[in-house]
A.B. asks: 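Questions regarding the structure given below will be posed in turn.
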Amino acid sequence: MPRTLARSLLVLSLLGLPGEGRAAAPAGQPVIHPYWESYTRADGLPDDKVMAVAVDGPRVWIGTDHGAAVLEDGAFRVFHRQDGLAHDAVLSVAVDPVSGDVWFGTGGGLSRYSAGRWTTFTQLTSGLPNDVIFGVAVENQNVWVATTAGTGRYRVRDHGWDVYTPANSPQHEPWGYFVDYADGLVWAALWGGGVLEFDVAKQTWKSYLDPDGEMEIDLFRDDGIVHVITTGVSYREGLLWASTYFGLSRYDGHQWRSFAETDTGIASDFINFVKARGKVVYICADKGLSALDGASPVDRTVTYTPIHGPLEGHRGWEARIYERGQLVGRQPLAAGLAHNFVWAVDFQGDDLWVATSRGLSRGSLRPLPPRPARIAGPERPGPPPAPATRHAPSPGEAARPTPPGQGGR
Amino acid sequence: MTHPPRHLLPLGVLAATLLGLPAGAYGPYPEPPPPPPATAPATTPTAPATPTAADGTPIYANTPQELAPFSRFVKEPYRRFFVEKLDYYGPGRDLPEPEVDTVVIGLLTPLERSQEAYIGQAILAGATLAIDDANARGGYRGKPFALDVRNDTGMWGASANEIIRFAHDSGARVILGTVDGANTHIAIRVALKVEIPMITVGDLDPTLPETKIPWIFRVVPDDRQQAYTLAYYLYRQLDRQRVAVIRANNRYGRFGVREFLDSSVRLGRPAPLEVNYEIDWARTNPDFTLQIERMRLIDPDAIVLWADAAPAGTLVRKLREAGIAAPVFACDRVIHPEFFAAAGVHAEGVVAVAPYDPEAGGERFADFHRRYSARFGQPPCGYAAHAYDGTMLAVQAIQQAGLNWAKIRDALAGLQLAGVTGPISFQHDLANRRRVLLSTARGGEFVIGEPRAETRF
């Protein structure tokens, strides 16, 4: 290697800049998103703790601990309880691809935002099983919710409800924790009950459990779901992905595989959410974001995590590349995610939108243009606009006063 | 040093209403706060750390190798969980404290319309005494502590809604609760999303810490420890061969006996019978006819009973009246006046697991016992004592860390308390695994430490 090129790569590496220095990272799926930017309350988000994100064409819908928002044309519009949202704590968001209706699962009921109007469903005013909605998904003309008192289905056309509990489906406690729909199948992740599959055409249920039946161990690798407390589920291209606080599991219809921090390189076993795009699954964990190629014979994994460990994002981020569980490359990032505690992810073209506990982050394959920070809606002026953050917030930046009406964490 | 008798409950009158709460209203008691106790709770390093195997690997829940799942067939499972200390890797520690006039501690516990209300009332009393003691010592930087008390109805996942209200509406800094295993499971996953510390003082469901939530702490030793202790006592010490099980037909009964049933198998003495009873037994099966018939058929040489105090007492009386003399070994819930009231003279000789030793609390327990008895008209049960300690843990964590949820969580994880129930600290799974004892009903009270269990967990 010519000495000048080597020096250039060394300089780039020391500066922590992405670029040709990526030579350290083997190519392949999943691709590395080297460019990141983040949005916080200073940019118009109702709260930094972003727990849900759903892409709807050019729009990005967001659920936070203290309100919902939509990002469109570079500006946020925010919604609170007084606007019609059932509750300010928004745990899940889903968009109906046909009608464009947006469904918010909150800590106080289910909300529908349709053509500028709000409709709220609670357990006292509808068939909603419980007011705390951990997951929401749209299946054709139905909206599914994961609640602690059962997995519910709202039939939008006839305004009827079905509630699935141990009385009418294969589960021993009615503790829904997440729900997703794809390819004619509804998938429910249950707290303590593994994963349920609902065949929409046949209207039948099927259950997937941890074969060893024990909470404190995983007896054998790859024998089934790693643990019965499942936190998320995603089914794409024939691959079922189930996340737990104990690792990740994959089922291809014939065989199970399990993936742990120690044997794969995913950011952590404590996984809040999982979502696949094609064969690649994105894993939202408490120590970072990982992408794993389900078609890779070497379990190629890219993990975005603070260089110096969790809670140290203000000191720099990197993408780590693993194959067969071995670290094979690392790429410094000029900017990382807003925080390593990741709640959710969605996709917009090649871009990633990531919900973290300290803001909304966007990952891109190309350099991101400078953006003006604007806040739409005169009724919610919020904090004064500030330049967009292009780095993980330092502890000092994060210590802004808690706005009125927010309970304070 | 003066101690009360080393028993948990003198034969007292049942006083379901002695707490004097008006219907539908829950809150701090109207009495003026008592003077500070002679001995304030203090931190102590005496509590045991997580036990480790010979190779230094932490052992989950004090489980001996022969009781570990599949240990006869697999030398080592692919992965063992709960062997690393749970930690929280999210933000929040740098957030400013909320402005409050009163430091609210939420309490979710069954107070009415529940078969567990007798436990919930005791928890409320214990927590109330602790709050008053904390306020008598100045509260938090001059601001008073207050309980926000909510009834745990258990209907349609109501505990989930209550956690949201505690966090978003009343601004609670810590939540105490609850008793029912299902309701607690429902509550803790909301606490996980909200990221608010929660301390359970009355739910002994072994699966609670097996959720890996870094926000949930348990003060009271659980049913796994009780089950292990009973199993070793029955099979190893007494050499019993045929131990039958009667349990409540709910999650408490189902998960309470699960570790005992598994242990019976793993120790080579599978239980010949497990029979349950309906929660509305008083209406549908007050004589426990089915259960008595089954016991007659099986003719066990011991009976393990996992039930609430009143049905347990009734069951013991019905068993004896039916001529079934097999000794009865029970969970801690029978250590309550309702058990003696229902069992009558047949309570004599029943062995129960005691979750704490009053002597371990020393002068602190004596002082707590005296003041609690004077205020509420009956001595404290174990749930009241653990509620007092759990509340004091919350108070100390707040005094140490401030009002920030994440900092309170961190403080709780590292606290070691010399409580009225003995030393309290948290193992890797954030559970207090203090070893339990056995006790025997004698003359209307449970005598702690009799019989002596050679192996305790």
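Note: hydrogens, waters and symmetry copies are ignored here, and every other heavy atom, side chains too, is used. Throughout, a chain's letter reflects where its sequence line sits, starting with A, and its residues are numbered from 1.
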A.B. asks: Could you state the interatomic distance from CG (B:N183) to OG1 (A:T148), rounded to the nearest 0.5 Å?
C.D. replies: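 It is 9.0 Å, given to the nearest 0.5 Å.
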
A.B. asks: Find out whether A:R358 and B:D94 are in side-chain contact, i.e. whether some heavy atom of one side chain is under 4.5 Å from a heavy atom of the other.
C.D. replies: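 The answer is yes; the side chains approach within 4.5 Å.
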
A.B. asks: Can a salt bridge be assigned to the pair B:R80 and A:E214 using a cut-off of 4.0 Å between side-chain N and carboxylate O?
C.D. replies: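 No.
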
A.B. asks: Quick one: what part of B:Y89 sits under 4.5 Å from any heavy atom of chain A, side chain, backbone, both or neither?
C.D. replies: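 Contact with chain A is through both the backbone and side chain of B:Y89.
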
A.B. asks: Would you say the rings of B:Y88 and A:F341 are close, in the sense that their centroids are separated by under 6.0 Å?
C.D. replies: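 That pair passes the under 6.0 Å test.
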
A.B. asks: If you round to the nearest 0.5 Å, how far is CG of B:N161 from OG1 of A:T147?
C.D. replies: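 Going from OG1 on A:T147 over to CG on B:N161, the span is 9.5 Å.
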
A.B. asks: Can you say whether B:L86 sits under 4.5 Å from chain A via the side chain, the backbone, both, or neither, judging by heavy atoms?
C.D. replies: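 Interface part for B:L86: neither.
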
A.B. asks: Among B:R93, B:R189, B:E210, single out the residue with the greatest number of heavy-atom pairs under 4.5 Å to chain A.
C.D. replies: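 Going by pairs under 4.5 Å, I would pick B:R189.
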
A.B. asks: Is B:L192 in contact with chain A via its backbone, its side chain, both, or neither, using a 4.5 Å heavy-atom distance?
C.D. replies: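 For B:L192, heavy atoms of backbone and side chain both lie under 4.5 Å from chain A.
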
A.B. asks: Is there a donor in the side chain of B:H185 and an acceptor in the side chain of A:W175, or the other way round, less than 3.5 Å apart?
C.D. replies: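 There is no such pair (donor and acceptor under 3.5 Å, judged by atom type) between the side chains of B:H185 and A:W175.
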
A.B. asks: Is the NZ or CZ atom of B:K212 both under 6.0 Å from the centre of the six-membered ring of A:F270 and within 45° of that ring's axis?
C.D. replies: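 That pair does not qualify as a cation-pi contact.
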
A.B. asks: Are more than 12 heavy atoms, taken from residues, nucleotides or ligands other than B:D101, located less than 6.0 Å from that residue's CG atom?
C.D. replies: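 Atom CG in B:D101 is not crowded, with 12 or fewer foreign heavy atoms closer than 6.0 Å.
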
A.B. asks: Count the heavy-atom pairs under 4.5 Å between each of A:N272, A:D212, A:T244 and chain B, then report the option with the highest count.
C.D. replies: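 The residue among A:N272, A:D212, A:T244 with the greatest pair count is A:D212.
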
A.B. asks: Quick one: what part of B:R409 sits under 4.5 Å from any heavy atom of chain A, side chain, backbone, both or neither?
C.D. replies: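 Neither part, no heavy atoms under 4.5 Å.
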
A.B. asks: Chain A heavy atoms under 4.5 Å from B:D169: which part of the residue, side chain, backbone, both or neither?
C.D. replies: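 The answer is the side chain of B:D169.
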
A.B. asks: Among B:T211, B:T207, B:T63, who wins on heavy-atom pairs under 4.5 Å with chain A?
C.D. replies: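 Ranked by contacts with chain A, first place is B:T211.
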
A.B. asks: Tell me if the CD atom of B:E66 is crowded by more than 12 foreign heavy atoms within 6.0 Å.
C.D. replies: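 Check passes, neighbour count above 12.
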
A.B. asks: Picking from B:A158, B:A61, B:G90, B:A172, which has the most non-hydrogen pairs under 4.5 angstrom with chain A?
C.D. replies: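 The candidate making the most pairs under 4.5 Å is B:G90.
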
A.B. asks: Could you tell me whether the side chain of B:M155 reaches within less than 4.5 Å of the side chain of A:Q123, counting heavy atoms only?
C.D. replies: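 A:Q123 vs B:M155: side chains apart.
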
A.B. asks: Determine, for B:D87 against A:K287, whether the closest basic-nitrogen to carboxylate-oxygen distance falls under 4.0 angstrom.
C.D. replies: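 No, no charged N to carboxylate O under 4.0 Å.
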
A.B. asks: Nearest 0.5 Å, please: how far is CG in A:L219 from CZ in B:F70?
C.D. replies: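 Result: 5.0 Å between the selected atoms.
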
A.B. asks: Less than 4.5 Å to any heavy atom of chain A: does that hold for the side chain of B:P206, its backbone, both, or neither?
C.D. replies: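 Nothing of B:P206, per the 4.5 Å heavy-atom cut-off to chain A.
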
A.B. asks: Would you compute the distance between atom CD1 of B:I186 and atom CH2 of A:W191 and round it to the nearest 0.5 angstrom?
C.D. replies: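 Reported to 0.5 Å precision, the distance equals 11.0 Å.
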
A.B. asks: Using non-hydrogen atoms only, which part of B:A182 is less than 4.5 Å away from chain A: side chain, backbone, both, or neither?
C.D. replies: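 Both backbone and side chain of B:A182 come within 4.5 Å of chain A.
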
A.B. asks: What part of A:Y177 is in contact with chain B, defined as an atom under 4.5 angstrom from a non-hydrogen atom: side chain, backbone, both or neither?
C.D. replies: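 Its backbone and side chain both get close to chain B.
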
A.B. asks: Side chains of A:D263 and B:Y78: is there a donor and an acceptor less than 3.5 Å apart?
C.D. replies: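 Per modelled atom types, A:D263 and B:Y78 side chains form a pair under 3.5 Å.
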
A.B. asks: Evaluate the side-chain proximity of A:V226 to B:R79: yes if any heavy-atom separation is below 4.5 Å, no if none is.
C.D. replies: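 B:R79 reaches A:V226 side chain to side chain.
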
A.B. asks: Search all heavy atoms of A:N130 against all heavy atoms of B:G157 and return the closest pair with its distance.
C.D. replies: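 That would be ND2-O, 2.9 Å.
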
A.B. asks: Just so I know, are the side chains of B:F81 and A:I217 near enough to count as touching, which here means a heavy-atom distance under 4.5 Å?
C.D. replies: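 SC-SC contact between B:F81 and A:I217 ruled out.
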
A.B. asks: State whether the number of non-hydrogen atoms from other residues, nucleotides or ligands found under 6.0 Å of B:E76 atom CD is greater than 12.
C.D. replies: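 Yes, the 6.0 Å shell around CD holds more than 12 heavy atoms from other groups.
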
A.B. asks: Is A:D131 in contact with chain B via its backbone, its side chain, both, or neither, using a 4.5 Å heavy-atom distance?
C.D. replies: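 Both backbone and side chain.
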
A.B. asks: Kindly assign one of parallel, tilted or perpendicular to the pair A:H87 and B:H168, based on the angle between their ring planes and the thresholds 30° and 60°.
C.D. replies: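 Taking B:H168 first and then A:H87, their aromatic rings stand perpendicular (interplane angle over 60°).
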
A.B. asks: Using every non-hydrogen atom in the two residues, find where A:E216 and B:P69 come nearest and quote the distance to one decimal.
C.D. replies: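 Heavy atoms of A:E216 and B:P69 come nearest at OE2-CG, 3.4 Å.
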
A.B. asks: Within 45° of the axis and under 6.0 Å from the centre of the six-membered ring of A:F273, does NZ or CZ of B:K193 qualify?
C.D. replies: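 Pair B:K193/A:F273 does not count as cation-pi.
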
A.B. asks: For the CG atom of A:L128 and the CH2 atom of B:W156, what is their distance to the nearest 0.5 Å?
C.D. replies: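 Here the interatomic distance stands at 10.5 Å.
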
A.B. asks: Do B:R254 and A:E173 meet the salt-bridge criterion of a basic N to acidic O distance under 4.0 Å?
C.D. replies: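 Yes, this pair counts.
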
